[in-house]
There are 2 protein chains.
Amino acid sequence: MQVTIRDVAKASGVSPSTVSRALTPGGTVSPVTRERVRAAADRLGYQPNQAARGLITGRTGHLGVIVPDLLNPFFADICKGVQARARGLGHTVFLSDAERDEGLELDAIRTLAPQVDGIVLCSPHLSGEELGSLGELTDKPIVLLHRKEPGFGCVTADLVEGITDALTHLHALGHRRIAYVGGPRSSWAARERAAGVAAVAESGLVEIVQVGSVAHHIGTPGGVTGAADVVLASGASAVLAFDDIVAFGLMSRFAVRGVRVPDEMSVVGCDDIALAGMAAPPLTTVSVPKAHGARAAVDLLFRMLATPAAEGEQPPQRVLPTHLVVRGSTAALERR
Amino acid sequence: MQVTIRDVAKASGVSPSTVSRALTPGGTVSPVTRERVRAAADRLGYQPNQAARGLITGRTGHLGVIVPDLLNPFFADICKGVQARARGLGHTVFLSDAERDEGLELDAIRTLAPQVDGIVLCSPHLSGEELGSLGELTDKPIVLLHRKEPGFGCVTADLVEGITDALTHLHALGHRRIAYVGGPRSSWAARERAAGVAAVAESGLVEIVQVGSVAHHIGTPGGVTGAADVVLASGASAVLAFDDIVAFGLMSRFAVRGVRVPDEMSVVGCDDIALAGMAAPPLTTVSVPKAHGARAAVDLLFRMLATPAAEGEQPPQRVLPTHLVVRGSTAALERR
DNA sequence: GTGAAAGCGCTAACAC
DNA sequence: GTGTTAGCGCTTTCAC
């Protein structure tokens, strides 16, 4: 069976409590004893039982991360980042893929909450009310990643910044009429990005043609073909897409229609997923900090754990910068 | 604080053990009591503490999944599948990304093992010996996914089948000289696939030009540009790549060199990652069952948990079929 | 500085 | 069919 604290105690000739103290950072033991205990623990290959420890301390040593769809490289990247940071802080992470189903997502929160110290939640689809009533499900700290909602610790990216850069870049290339293909209406990120585009359009820098919203996911083409055709018919010379997946979908259709990117149509994505740079042509896109955001979310979670928010106090909200990555899918209009 | 079994016991006027029995599937309680207890549990929002339960039963209710790199959509897909199946079986899953570092991978096994009932391990890079000595680290059951090694429960895909289909497909299109760009030498999958290609080459169906091995990962281009140039210089009219990521890398270089796919060069990938169908042109590729493999691995793990292998007995090994998915990156040689 | 005892939330024997 | 008791592995008072 497993090596327990009593085995180590026997092997080093002390009591279990002394072993516990010797192995705990703040423990008050003589240096000699500590060394002896450590040696014995090493020799026996002792691994403290987290579950038993958690029963006493109230800390599980686990974190939860919930994403809507791991097939989307954007979220895979986030999970990787959360896991890496958690490991650095001595925690393990539970993964939950909600399969873009709100019921499953609520279930996941319910199941995970009692087993973790806190949760990093990527939830573009839950309504503000549902999110607000999460307090009834658990009092474990929850950090929202890439979503902002009052009452939560949040880490988001400043998309307006990146979108402005993208539109300015297209303007500099001579584009004046630019299509925007939005994401699913139910998505907070989609609404946020659409608002960002609208804000820049207000400034009158370029003319924006709104091409509705597509629910285009990996493995589930949702109207992106039609959207591409509308873009082509709109007279726009460039298109900005809700995310890189949509951008790929558009480029795919453009290829079928014989429209060359970037010569006849410039395309800009959003997210900068890992494969964006490997497409042909490589995608110009607004880079959203994925690993950085994940790290910030975990760090925020730990800060909330260390100093719980006072009654009525808002947990911190952090906004990360975005920037445009210019690659090969955008070109000057003159080339046309 | 948390609702405990004692709260439920008080609320329903029975003892804690009766509550435990009432809530356990096989428990021997009167139907009336069971109902009363259930109602009270529901009303109080009781969630049994898995950690405390595990301390007694020896079952944690957790599984671990370890992958070398979550950024690779192949592994993201696998994690999604493992998590989905585990959820269906009432288990939660710990995720660990080993960052293609064998030291981290061994650490992850050490850390995870005591906290889970079993582990699904995707380890292309650990040596056979390292794998063999895992028994010293833990006696929790481990299932190898997409790797075969004696002494382990394994789920793999029959690549020879898919590779044969791919080469036959290219042959039917008139291709006779076909390049193969292999994966990293340290990878079990790369060696396995290379052997598969070599086996088919033996049959004399087509001539295979070996173009060495590239260590091309997402975010880490490893010689794929050079490999693409070698392919171009080799006189081959088609190329089979170690995986879809390498295939994308090749296509990217071909685009830069002005070589059109599939008109001037046919490209076949391997894995069929979710984005393969969204590339321009969509990639013809050997489809490896990712979600299916993940499900099979979890199922195998549970079978091993239910009936531990007798001394010296080999755990089951399962081989899944693969098949070619023909898309737009391959075309008849005549078109050239 | 160290040991003894209590107990975290739960289940498994064992009585009744 | 149900309650009582013991104890999983650990940390944390409280003595000494």
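So you know, we letter chains A, B, ... as the sequences are listed, proteins then strands, and number each from 1. Side-chain atoms are counted along with the backbone in the values below, which use heavy atoms only and exclude waters and symmetry mates.
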Can you tell me the distance, in whole Å, between the [atom1] atom of [X] and the [atom2] atom of [N]?
X: A:R21; N: D:dT11; atom1: CZ; atom2: P; value: 11 Å
X: A:I5; N: D:dC8; atom1: CD1; atom2: P; value: 14 Å
X: A:I56; N: C:dA5; atom1: CD1; atom2: C1'; value: 12 Å
X: A:E35; N: C:dG1; atom1: CD; atom2: C1'; value: 16 Å
X: A:Q2; N: D:dC10; atom1: CD; atom2: C1'; value: 11 Å
X: B:R53; N: C:dC10; atom1: CZ; atom2: C1'; value: 8 Å
X: B:L55; N: D:dA6; atom1: CG; atom2: P; value: 18 Å
X: A:R6; N: C:dA5; atom1: CZ; atom2: P; value: 12 Å

Of all the nucleotides listed ([options]), which has the minimum atom distance to the side chain of [X]?
X: B:T57; options: D:dT11, C:dG9, C:dT11; result: C:dT11
X: A:S20; options: D:dT11, D:dC14, C:dT11; result: D:dT11
X: A:T28; options: D:dG7, D:dT11, C:dT2; result: C:dT2
X: A:N49; options: D:dT12, D:dC10, C:dC10; result: D:dC10
X: A:T4; options: D:dG9, D:dT2, C:dG3; result: D:dG9
X: A:T18; options: C:dT2, C:dC10, C:dG9; result: C:dT2
X: A:Y46; options: D:dC10, C:dC10, C:dG3; result: D:dC10

For the pair B:E136 and B:S133, evaluate side chain to side chain donor-acceptor pair (under 3.5 Å) and give the outcome as yes or no after the intermediate values.
CA-CA 6 Å; B:E136 297 161 20; B:S133 63; 5.2 Å; no
Ignoring hydrogens and angles, answer whether the base of D:dT4 and the side-chain atoms of B:S17 contain a donor-acceptor pair closer than 3.5 Å.
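By the distance-only test, yes, there is a pair.
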Below 3.5 Å, does any donor atom in the side chain of B:R34 face an acceptor in the base of D:dG1, or the other way round?
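No.
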Touch check for A:S30, heavy atoms < 4.0 angstrom, all strands: base, sugar-phosphate only, or nothing?
sugar-phosphate
Using a heavy-atom cut-off of under 4.0 Å over every strand shown, decide if B:T33 touches base, sugar-phosphate, or nothing.
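Counting heavy atoms under 4.0 Å across all strands, the contact made by B:T33 is with sugar-phosphate only.
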Say you pick atom C1' in C:dA6 and the same atom in D:dT5; how far apart are they, in whole Å?
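Nearest-Å result for C:dA6 against D:dT5 at atom C1': 16 Å.
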Using heavy-atom distances to pick each residue's nearest nucleotide on DNA chain D, tell me which of B:A52 and B:P31 is more 5'.
B:P31
Thinking salt bridges, do B:K80 and B:D77 make one under a 4.0 Å N-O criterion?
no
So that I can tick it off, tell me whether A:K10 and A:D7 are bridged by a salt bridge, with the cut-off set at under 4.0 angstrom between side-chain N and carboxylate O.
no
From CA spacing to verdict: side-chain contact (heavy atoms from CB on, under 4.5 Å), A:V19, A:V14
CA-CA 7 Å; A:V19 174; A:V14 295; 3.8 Å; yes
Does some side-chain heavy atom of A:C154 sit less than 4.5 Å from a side-chain heavy atom of A:R318?
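No, their side chains stay 4.5 Å or more apart.
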Angle class for the A:F74/A:H146 ring planes (parallel below 30°, perpendicular above 60°, tilted otherwise)?
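Answer is tilted, since the angle falls between 30° and 60°.
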